[in-house]
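Presented below is the structure to which this report refers.
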Protein chains: 2
Amino acid sequence: MHTSSPTREILDVAWELVRADGLSALSMRELGARVGLRAQSLYVYFPSKHAIYDAMFTNANRELLDRRRALDPPADPTAALRELAHQFVEFCTEDTVRYQLLFQRTIPGFEPSEQSYAVAREVLDWGRRVLADVGVTDPADFDLYTALIAGLVAQQNANEPGGDRWTRLLDRVIDMFLAEVARRNSNTDATLPREPS
Amino acid sequence: MHTSSPTREILDVAWELVRADGLSALSMRELGARVGLRAQSLYVYFPSKHAIYDAMFTNANRELLDRRRALDPPADPTAALRELAHQFVEFCTEDTVRYQLLFQRTIPGFEPSEQSYAVAREVLDWGRRVLADVGVTDPADFDLYTALIAGLVAQQNANEPGGDRWTRLLDRVIDMFLAEVARRNSNTDATLPREPS
DNA sequence: GTCTATACATCGATAGAC
DNA sequence: GTCTATCGATGTATAGAC
């Protein structure tokens with residue numbers, strides 16, 4: 001019996017270190033010391049430092065997925081979208097290092113593995129589903145949505161980490177987005193010939 | 001007589017290296033070798049590697065300012081805003097490493113110096129002036145604007161560097177933004193009591 | 001599985017000779 | 001101003017004792 005596997009403990013401590021000193025300041029010797037191991041022994045559990053980053057990447061995406069599953073989505077699709085967006089923005093701003101790992105290409109040689117990407121895709125597909133529920137199915141509209149959210153988060157984390165100068169604009173941004181999509185759809189209906197039915 | 005100072009040449013080569021290998025892959029030894037010096041001799045011109053990053057930061061902001069000054073802004077304020085936004089987005093996406101240095105906090109201990117920030121503020125103030133010309137003076141509206149542009153650029157650079165999947169949404173985003181500000185202003189006019197005059 | 005020991009190449013940075 | 005020499009770090013790797 002054990003409370004946590006060595007692998008699990010290494011990852012937990014890695015997150016601690018990274019949060020304290022920055023994403024790229026993760027050192028194998030330091031990490032080993034914190035878990036009572038020499039740096040070399042870490043290679044028993046992870047083949048390289050990038051493998052640790054990769055596990056952290058998966059880690060973080062799973063955490064986001066878990067939180068989404070924990071939501072009890074309201075019946076109203078728009079309310080559900082709002083809830084999702086707020087959860088995502090909070091997730092991205094409550095831990096800027098995690099945000100950096102997930103959404104910025106900042107570690108020199110690190111590229112998430114295929115299986116890590118799979119989890120990231122799950123997150124994105126979840127978003128697509130929620131948007132489809134409010135009638136947004138055009139891929140360009142979805143790109144627009146991700147850009148709007150990404151912009152708020154990027155500005156918040158870059159210029160006022162921990163604050164809410166940008167994130168408090170979220171509901172306004174969602175309204176603006178939904179109005180824009182509705183406007184564009186009604187324009188399209190009015191000006192383009194109908195599909196034969 | 002000389003074609004360029006050592007300082008200038010070091011910076012030029014630093015940009016080359018960084019564009020080739022990534023922002024954090026800048027190495028003093030490599031940089032020295034490319035300019036015909038040993039790494040240690042670089043410290044005659046820059047007191048540290050961060051000082052080189054700082055000079056590059058100022059460098060890039062000045063380049064952006066120069067381009068703005070080179071614009072011959074159209075008389076119509078909205079057209080001028082469009083032109084500015086397009087120029088900015090192109091500036092941010094044509095060189096992702098430069099974008100990373102200017103707008104992402106990615107280098108472990110690097111913080112731009114006060115005088116470097118001054119140039120960055122000039123850039124921001126320029127944007128504020130152009131937005132004021134189209135009637136956008138509320139600071140929250142300006143924050144909204146910067147987030148919208150930042151979002152397009154962030155998504156483009158992170159997910160499809162060199163492409164235009166997000167940046168081609170720029171005019172749509174500007175329209176959406178202007179409509180939102182207009183809507184909000186008219187709402188305010190209609191529902192709030194006027195100031196005594 | 002973990003240790004010690006050792007190795008190699010890399011890094012930023014400093015001291016001091018010339 | 002440029003050099004050699006050196007320092008203390010880093011990631012990575014291997015060999016071998018226990």
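Within every chain, numbering begins at 1; the chains are lettered A, B, ... in the order of the sequence lines, protein sequences first and strands thereafter.
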| task | Examine Phe88(A) together with Phe103(A) and report whether their ring centres are nearer than 6.0 Å. | result | yes

| Distance-only side-chain donor-acceptor flag, Thr146(B) / Gln155(A), under 3.5 Å | yes

| Length of the OH-C1' vector between Tyr53(A) and dG11(D), whole Å | 11 Å

| request: Write down the distance between CE (Met28(B)) and C1' (dC7(D)), rounded to a whole number of angstrom. | output: 16 Å

| request: Examine the side chains of Thr167(A) and Thr93(A) and answer whether a donor and an acceptor come within less than 3.5 Å of each other. | output: no

| request: Evaluate the side-chain proximity of Glu9(B) to Pro6(B): yes if any heavy-atom separation is below 4.5 Å, no if none is. | output: no

| field | Stretch residues 18-25 of chain B: residues that reach within less than 4.0 Å of DNA chain D through a heavy atom | value | none

| request: Would you name the heavy atoms of Glu83(A) and Pro74(A) that are closest together and state the gap between them? | output: OE1-CD, 3.2 Å

| query | Tell me: CG of Leu31(B) to P of dA13(C), nearest whole Å? | reply | 12 Å

| query | Just how far, in rounded Å, is C1' of dG12(C) from CD1 of Ile107(B)? | reply | 14 Å

| request: With sequence neighbours excluded, tell me which residues meet ring pair (Phe, Tyr, Trp, His ring centres under 6.0 Å) with Phe57(A). | output: none

| Side-chain N or O of Tyr43(B) less than 4.0 angstrom from OP1 or OP2 on dG12(C)? | no

| When all nucleic acid strands are considered with a 4.0 Å heavy-atom cut-off, which category describes Leu42(B): base, sugar-phosphate, or nothing? | nothing

Listed pairs, N/O of protein and of nucleotides 2-6 of chain D, under 3.5 Å:
from, atom 1, to, atom 2, distance (Å)
dT2(D), OP2, Tyr45(B), OH, 2.6
dC3(D), OP2, Arg38(B), N, 2.9
dC3(D), OP2, Ser41(B), OG, 3.0
dT4(D), OP2, Arg38(B), NH1, 3.0
dT4(D), O4, Gln40(B), NE2, 3.4
dA5(D), N6, Gln40(B), NE2, 2.3

| request: Grab the CG-P distance between Leu26(B) and dG12(C) for me, whole Å please. | output: 7 Å

| said: Side chains of Asn157(A) and Thr96(A) only: does a donor on one sit below 3.5 Å from an acceptor on the other? | reply: no

| Lys/Arg N to Asp/Glu carboxylate O, Arg34(A) vs Asp12(A), below 4.0 Å | no

| task | Answer yes or no: does atom CZ of Arg67(A) have more than 12 heavy-atom neighbours from other residues, nucleotides or ligands under 6.0 Å? | result | yes

| said: Is Ser48(A) close enough to dG11(D) that one of its side-chain N or O atoms is under 4.0 Å from OP1 or OP2 there? | reply: no

